[in-house]
There are 2 protein chains.
Amino acid sequence: MLEKQRHQLLLDILDEQQFASVNDLSSQLNASEATIRRDITKLAKQDQLRKIRGGAEVLNSSERRSRRPHLSGTAFLAAKEQRADVKRLLAKEAVKFCEDGEFIIINGGSSTYMMREFLAERHLNVLTNSFVLAQELAETSDNQITLPGGELYRKQGIILSAFENDTIQYYQASKMFMGTPGIGKFGVMESDPLLIQTEQKLKKQADQLIVLADSTKLGKRSNFILCPLSEVDVLITDSEADPELVKYFESENIQVILVDVNQPS
Amino acid sequence: MLEKQRHQLLLDILDEQQFASVNDLSSQLNASEATIRRDITKLAKQDQLRKIRGGAEVLNSSERRSRRPHLSGTAFLAAKEQRADVKRLLAKEAVKFCEDGEFIIINGGSSTYMMREFLAERHLNVLTNSFVLAQELAETSDNQITLPGGELYRKQGIILSAFENDTIQYYQASKMFMGTPGIGKFGVMESDPLLIQTEQKLKKQADQLIVLADSTKLGKRSNFILCPLSEVDVLITDSEADPELVKYFESENIQVILVDVNQPS
DNA sequence: ATAAATTTGATCAAAATTTAGCATATTGAT
DNA sequence: ATCAATATGCTAAATTTTGATCAAATTTAT
């Protein structure tokens with residue numbers, strides 16, 4: 001059996017049963033114990049599993065090296081599919097807010113990613129933590145692109161850093177655009193704890209915060225509160241939004257833009 | 001059987017079973033192992049499969065050649081053409097220097113970009129200011145990727161920042177790889193003034209500096225001196241290098257690796 | 001604490017795989 | 001049909017992986 005293949009199977013086994021002894025693996029993969037030990041050592045070096053006495057142990061997902069959730073691939077584009085048509089309209093409206101030459105920040109996410117289509121023929125200065133958006137804009141537009149430093153998280157297609165990041169700190173934008181899994185009286189939500197810190201750092205550098213959220217997101221809760229409503233300047237949503245909530249947002253001094261979902265596009 | 005036909009069948013087999021050993025393929029396609037090896041090498045160069053020890057492995061669809069060339073392709077890819085074969089061999093040698101799990105820095109440029117092919121099956125932690133390299137590695141490999149913050153320069157496919165950049169400062173690497181337009185008694189040269197500052201910052205974070213330069217670059221001058229020879233630890237060049245110069249570099253305590261240019265692969 | 005049992009890493013020879021060079025066969029162009 | 005270019009198969013040498021053995025380290029049982 002090929003080494004690579006054996007490695008793959010070994011990881012598959014671990015995925016299912018959490019732990020595996022050298023002996024188990026040796027018989028399941030019919031390879032000698034010496035070989036299994038070498039495999040484990042190698043895979044441990046690659047951060048694919050944890051070597052423990054007697055065998056190996058799986059890593060929990062946060063430690064694990066993303067097992068090829070491809071950029072531009074599965075996870076990201078799949079999320080993009082949901083209500084893609086509405087998101088596209090919100091994105092279109094968002095881009096209309098910008099004047100050529102303006103400095104803006106675009107936070108990663110499937111809603112804001114849609115802005116790429118409309119940014120193609122614009123000439124803005126864009127700071128974004130979305131690697132995939134940067135990629136698109138670099139290829140299809142003349143916008144000036146700035147990226148924050150950090151590690152690339154393939155699953156989200158985003159660049160994250162634990163450190164204070166000077167590139168962000170020196171960037172001053174008039175507007176920041178972001179999507180959200182939920183927005184309500186409690187504020188703007190975020191489901192991915194990894195993202196919160198970066199988002200808050202980005203938000204500090206912009207004069208105006210513009211949130212994109214289709215009507216199903218209104219009033220929805222999620223894991224974490226990213227910021228209170230008072231920090232939101234504009235909310236772009238669709239015409240099916242609950243009028244009560246819209247009124248409430250407006251009473252909180254938020255400019256609400258309702259995009260007609262039956263618009264021809 | 002026609003070569004093209006055999007290639008197609010080979011890929012079909014891989015599609016079905018993920019892995020295939022040279023031996024398997026040889027009997028299934030009745031061709032000698034030598035031929036199968038040559039096929040695999042060729043197809044791997046075309047990014048149709050991944051060459052692994054003992055055989056070949058499928059690429060998941062997003063890695064497949066279907067994708068369009070990244071970043072406008074023009075300037076950057078054109079530069080890539082020159083002496084591409086030699087550069088590829090230098091890159092291969094460079095990757096051999098790395099151990100899985102190691103933290104390395106790769107400076108942008110056409111030589112170092114070639115490392116992507118050989119990094120595909122490795123598991124390293126890579127910090128690079130090359131946006132295009134990051135793109136490739138993100139799509140085709142499991143390496144952990146870190147990017148410095150800054151503006152995206154399309155022509156060079158590179159991220160540059162005028163600011164001190166914490167992402168870089170917190171990164172500690174054992175090796176830094178860089179290409180150069182010229183290296184001689186005066187030191188390592190750089191032609192693009194924009195790059196110098198970033199390169200010097202990156203260099204500070206690595207224990208060892210490894211320079212890739214084909215033999216035509218040896219003794220060549222360019223606009224700027226990036227660093228003196230004393231800071232270079234390893235020079236990877238090809239066997240057509242001027243022996244006098246090689247001797248000189250060695251007398252300066254540089255480990256010189258000569259790659260045989262007549263090597264096939 | 002001591003002994004027994006287990007696991008580990010190192011070493012080495014055998015087996016498998018890759019590479020390189022050369023001879024032969026096939027193909028395409030004239 | 002002939003020549004050149006390319007593709008194929010074979011072999012020997014170099015490299016890598018594997019499995020077996022064993023001493024040292026670690027854990028478990030007494």
Side-chain angles (χ1 to χ4, degrees), chain A residues 1-11 13-14 18-46 48-57, chain B residues 1-11 13-14 17-46 48-57 85-86 88-101 117-123 238-240 257-265:
Chain A
M1 172 155 15
L2 302 170
E3 183 191 33
K4 197 76 183 284
Q5 192 174 9
R6 204 176 49 237
H7 285 182
Q8 192 58 60
L9 289 170
L10 199 159
L11 290 171
I13 291 173
L14 264 194
Q18 227 86 352
F19 295 94
S21 73
V22 173
N23 196 283
D24 278 2
L25 291 168
S26 162
S27 54
Q28 283 200 58
L29 302 171
N30 31 265
S32 75
E33 299 206 347
T35 302
I36 297 297
R37 275 184 231 290
R38 277 185 283 245
D39 286 347
I40 291 177
T41 312
K42 213 175 215 175
L43 290 169
K45 255 197 199 167
Q46 300 175 2
Q48 309 251 35
L49 50 72
R50 179 172 308 127
K51 187 171 191 265
I52 56 177
R53 188 177 176 81
E57 171 183 34
Chain B
M1 171 162 4
L2 297 159
E3 183 189 31
K4 201 65 178 291
Q5 193 178 1
R6 202 176 50 238
H7 284 184
Q8 193 52 59
L9 289 171
L10 199 160
L11 290 171
I13 292 174
L14 263 194
Q17 57 191 59
Q18 221 90 352
F19 293 95
S21 73
V22 173
N23 197 283
D24 280 0
L25 292 167
S26 161
S27 55
Q28 285 199 57
L29 302 171
N30 37 266
S32 75
E33 299 206 347
T35 302
I36 297 298
R37 288 214 172 80
R38 279 186 279 246
D39 287 346
I40 291 177
T41 314
K42 212 176 221 174
L43 290 169
K45 267 196 198 173
Q46 299 171 13
Q48 307 259 38
L49 50 72
R50 179 167 311 144
K51 188 173 189 285
I52 59 177
R53 186 179 174 83
E57 177 186 19
D85 46 342
V86 177
R88 184 168 167 276
L89 292 175
L90 302 185
K92 185 177 179 183
E93 202 61 28
V95 174
K96 278 195 197 156
F97 259 78
C98 306
E99 304 258 343
D100 273 355
E117 177 185 343
F118 308 103
L119 288 168
E121 44 210 304
R122 303 299 297 275
H123 293 80
D238 62 83
S239 51
E240 260 144 41
I257 311 273
L258 293 174
V259 178
D260 190 349
V261 286
N262 301 315
Q263 209 179 116
S265 162

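In this text the structure is predicted, and so the values were computed from the model without any measurement. Side chains are part of it too, since the values below use all heavy atoms of this structure and drop only hydrogens, waters and symmetry mates. Lettering of chains follows the sequences in order, A, B, ..., and the numbering in each one begins at 1.
To the nearest angstrom, P of dT8(D) lies 12 Å from CD of Q5(B). Rounded to whole Å, the distance from CZ on R37(B) to P on dG9(D) is 13 Å. Spacing between atom CG of L43(B) and atom P of dA7(D) amounts to 13 Å, rounded to whole angstrom units. Between L25(B) atom CG and dT18(C) atom C1' there is a gap of 15 Å when expressed in whole angstrom units.
To the nearest 0.5 Å, atom CG of residue L25(A) and atom CD1 of residue I13(A) are 5.5 Å apart. Atoms CZ and CG, on R6(A) and L10(A) in that order, are 8.5 Å from each other to the nearest 0.5 Å.
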B/S/- along nucleotides 16-22 of chain D (protein heavy atoms under 4.0 Å) is BSBB---

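By the 4.5 Å heavy-atom criterion applied to side chains, Q18(B) and Q8(A) are not counted as neighbours. Within the 4.5 Å cutoff, no side-chain heavy atoms of E240(B) are placed close to those of V86(B).
Direction change of the helix axis from one end of the helix from dA1(C)-dT30(D) to dT30(C)-dA1(D) to the other is 40°, with five pairs defining each end axis (rounded to 10°).
When heavy atoms are screened at a 4.0 angstrom cut-off, K51(B) is found touching the sugar-phosphate backbone but no base atom. The residue I52(B) sits close only to the backbone: its heavy atoms come under 4.0 Å of sugar-phosphate atoms, none of a base.
The closest donor-acceptor contact from the side chain of R122(B) to the backbone of C98(B) lies under 3.5 Å. Here the side chain of D100(B) pairs a donor or acceptor atom with the backbone of H123(B) at under 3.5 angstrom.
Not counting sequence neighbours, the partners of S32(A) by the side-chain contact (heavy atoms from CB on, under 4.5 Å) test are A34(A), T35(A).
Between E3(A) and R53(B), none of the side-chain N atoms (NZ, or NE/NH1/NH2) sits under 4.0 Å from a carboxylate O, so this pair counts as no salt bridge.
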